[in-house]
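Numbers here are sequence positions counted from 1. These values consider heavy atoms only, across backbone and side chains, with no hydrogens, waters or symmetry-generated copies.
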Amino acid sequence: MEIGCLMGALSLLSLEDLRIKKIPIVPLLLTGIVGMILHLIYGNREITDILGGLSIGFILYAICLITKGKIGKGDCYLYMVTGVYLGFWNNLLLLWLSSVLAGVVGISVMLLKKKNRDYKLPFVPFTFIAALLMLLAGGGKFA
């Protein structure tokens, strides 16, 4: 149930991020609330793991403030929500894998389309693809 909710939300948020280059906050917030409710019902993660997962998003938010918005706030909120579903280590892996994918595409865009470093790529689609890869590698579940 949790995987379906997370992956459904990531797919819809990816489409919106591609379309308008923004992450709609209300659906993201609802996804986080549903995740917390599902954890209360099923109890699949320890509270410390959930808090650790949330901390990834808070750290990204601090980086966003320090760099004056080089990382979008919506992406920070997204990783707070994914942290609720995935916990610390899986959320950290998701962020790393998403960043690697975005880096490869970003370098390709710079080289092939002659874009500069300031060109902005929507990040949620890379997060969605990274989550799919993690699910495939994990036999249909996150660790």
Heavy-atom check, side chain of Leu13 versus side chain of Leu28, under 4.5 Å: yes

Trace of the side-chain contact (heavy atoms from CB on, under 4.5 Å) decision for His39 with Asp49: CA-CA 11 Å; His39 283 303; Asp49 197 27; over 6 Å; no

Sub-4.5 Å side-chain heavy-atom contact between Met36 and Ile50: yes

CG-CE distance between Leu132 and Met7, expressed to the nearest 0.5 angstrom: 3.5 Å

Separation of Tyr77 OH from Ile23 CD1 (nearest 0.5 Å): 10.5 Å

Minimum side-chain heavy-atom gap Tyr85-Val34 below 4.5 Å: yes

Side-chain heavy-atom pair Ser11, Leu15 within 4.5 angstrom cut-off: no

Test side-chain contact (heavy atoms from CB on, under 4.5 Å) applied to Leu78 and Leu10, step by step: CA-CA 9 Å; Leu78 175 72; Leu10 284 175; 3.8 Å; yes

Sequence-distant partners of Ala130, side-chain contact (heavy atoms from CB on, under 4.5 Å), two or more places apart: Leu94, Leu97, Ser98, Leu101

Trace of the side chain to side chain donor-acceptor pair (under 3.5 Å) decision for Tyr79 with Thr127: CA-CA 9 Å; Tyr79 276 87; Thr127 302; 2.8 Å; yes

Note, Leu92 side chain near Phe88 side chain (heavy atom, < 4.5 Å): yes

Note, Phe123 side chain near Ile71 side chain (heavy atom, < 4.5 Å): no

